[in-house]
Amino acid sequence: MAMARYVTLAIFLAAIGGGCASPVAERPPDVTFAHLPPISLQVRTIEVVSVYQDATTPPNVETRFASPPSSVMQRWAHDRLRATGISGIGRFSVMNAPVTEEALPKKQGFQGAFTVEPEYRYTITVDGQLEILDEGGQRVSFAS
């Protein structure tokens, strides 16, 4: 009879322990633009650069994102821009890509206790620049 208690206790503890295991966090899928048609540029080569450096101090929070906007913009350029010419350089530059977090006010009192509200507002600003340069590095055209 004592053995049956130990077996029952062991099964009970195993069930509780198994139920407390934390779920495995799944990595979100990569953001890609490969499914979209390419954008042909009459240049020999394409460069993708980032002037913007992700900020690590509040209110900036872009480093918390699995895919920061600056990385997504660079991925867009790699996936979409195609060099189809024989001379010149196409340069895509990430100029700005901050994400800022702002705490939102909460309803107070009885109504606040039964209301589900967002805690934060996130503002994402992106700014990119596409330049066409001649072989000497002089700007021929650009779009921002």
Side-chain angles (χ1 to χ4, degrees), residues 5-144:
R5 283 189 201 153
Y6 289 122
V7 171
T8 304
L9 181 61
I11 292 172
F12 178 73
L13 291 175
I16 290 175
C20 292
S22 61
V24 176
E26 291 185 30
R27 186 176 186 275
D30 289 332
V31 176
T32 179
F33 301 92
H35 64 287
L36 298 172
I39 299 169
S40 297
L41 301 176
Q42 292 296 316
V43 294
R44 179 179 47 80
T45 186
I46 294 178
E47 300 173 351
V48 178
V49 298
S50 182
V51 175
Y52 179 73
Q53 297 296 317
D54 290 333
T56 58
T57 57
N60 290 64
V61 294
E62 56 266 25
T63 55
R64 290 191 215 159
F65 285 67
S67 298
S70 59
S71 297
V72 172
M73 292 175 69
Q74 290 178 57
R75 179 69 182 259
W76 175 87
H78 285 293
D79 286 353
R80 300 288 310 277
L81 302 178
R82 294 287 177 268
T84 57
I86 56 172
S87 68
I89 301 165
R91 179 183 300 144
F92 180 79
S93 302
V94 176
M95 305 304 288
N96 204 13
V99 179
T100 57
E101 178 181 73
E102 175 188 352
L104 296 175
K106 294 280 195 177
K107 291 182 181 173
Q108 300 297 319
F110 183 76
Q111 187 178 14
F114 294 99
T115 304
V116 178
E117 300 177 274
E119 292 184 51
Y120 300 99
R121 173 183 303 138
Y122 295 94
T123 303
I124 301 172
T125 306
V126 293
D127 180 18
Q129 178 176 285
L130 178 61
E131 299 174 282
I132 305 298
L133 310 171
D134 64 17
E135 291 297 328
Q138 295 296 311
R139 182 191 284 180
V140 176
S141 182
F142 83 100
S144 180

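Starting from 1, each residue takes its place in the sequence as its number.
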Inset, instruction - Could you please spell out the steps behind the side-chain contact (heavy atoms from CB on, under 4.5 Å) verdict for Leu81 and Val48? - result: CA-CA 10 Å; Leu81 302 178; Val48 178; 5.6 Å; no
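- Partners of Glu117 by salt bridge (Lys or Arg N to Asp or Glu O under 4.0 Å), not counting sequence neighbours: none found.
- Annotation: ring-ring contact (aromatic ring centres under 6.0 Å, His included) contacts involving residues 86-108, sequence neighbours excluded, comprise Trp76-Phe92.
- For Thr32, the side-chain hydrogen bond (donor to acceptor under 3.5 Å, both in side chains) partners two or more places apart in sequence, or in a different chain, are Arg75, Asp79.
- Minimum heavy-atom separation, Asp54 to Pro68: OD2-CB, 3.9 Å.
- Arg139 places no side-chain N or O within 3.5 Å of a backbone atom of Ile132 that could act as its donor or acceptor partner.
- Residue Gln53 places its CD atom among 12 or fewer non-hydrogen atoms of other residues, nucleotides or ligands, all under 6.0 Å distant.
- Pairs engaging residues 88-100 under the salt bridge (charged side-chain N to carboxylate O under 4.0 Å, His left out) rule: Glu47-Arg91, Arg91-Glu131 [sequence neighbours left out].
- In this structure, Gln108 contributes its side chain and Lys106 its backbone to a donor-acceptor pair below 3.5 Å.
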Could you pull out every donor-acceptor pair under 3.5 Å between side chains of residues 93-105 and any protein atom, sequence neighbours left out?
residue, atom, partner, partner atom, Å
Glu101, OE2, Arg64, NH1, 3.1
Glu101, OE2, Tyr122, OH, 2.7
Glu102, OE1, Arg121, NH1, 3.2

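- Of all heavy-atom pairs between Ala55 and Thr63, the closest is O-CG2, 3.7 Å.
- Within 6.0 Å of CD1 on Ile86 lie no more than 12 heavy atoms contributed by other residues, nucleotides or ligands.
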Inset, instruction - Go through the steps for Val126 and Val72 under the test side-chain contact (heavy atoms from CB on, under 4.5 Å), then give the verdict. - result: CA-CA 10 Å; Val126 293; Val72 172; over 6 Å; no
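- Contacts classified as ring-ring contact (aromatic ring centres under 6.0 Å, His included) and involving residues 40-63 (residues at least two apart or in different chains) are not found.
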Inset, instruction - Carefully, step by step, assess Thr125 and Asp127 under the rule side-chain contact (heavy atoms from CB on, under 4.5 Å). - result: CA-CA 7 Å; Thr125 306; Asp127 180 18; 5.8 Å; no
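- A distance of 11.0 Å separates OG1 in Thr45 from CG in Leu133, rounded to the nearest 0.5 Å.
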Inset, instruction - List the steps, then state whether side-chain contact (heavy atoms from CB on, under 4.5 Å) holds for Val43 with Ile89. - result: CA-CA 5 Å; Val43 294; Ile89 301 165; 5.7 Å; no
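- Interatomic distance, OG of Ser71 versus NE2 of His78, reported as 10.0 Å (0.5 Å rounding).
- The shortest side-chain heavy-atom distance between Pro37 and Arg80 falls under the 4.5 Å cut-off.
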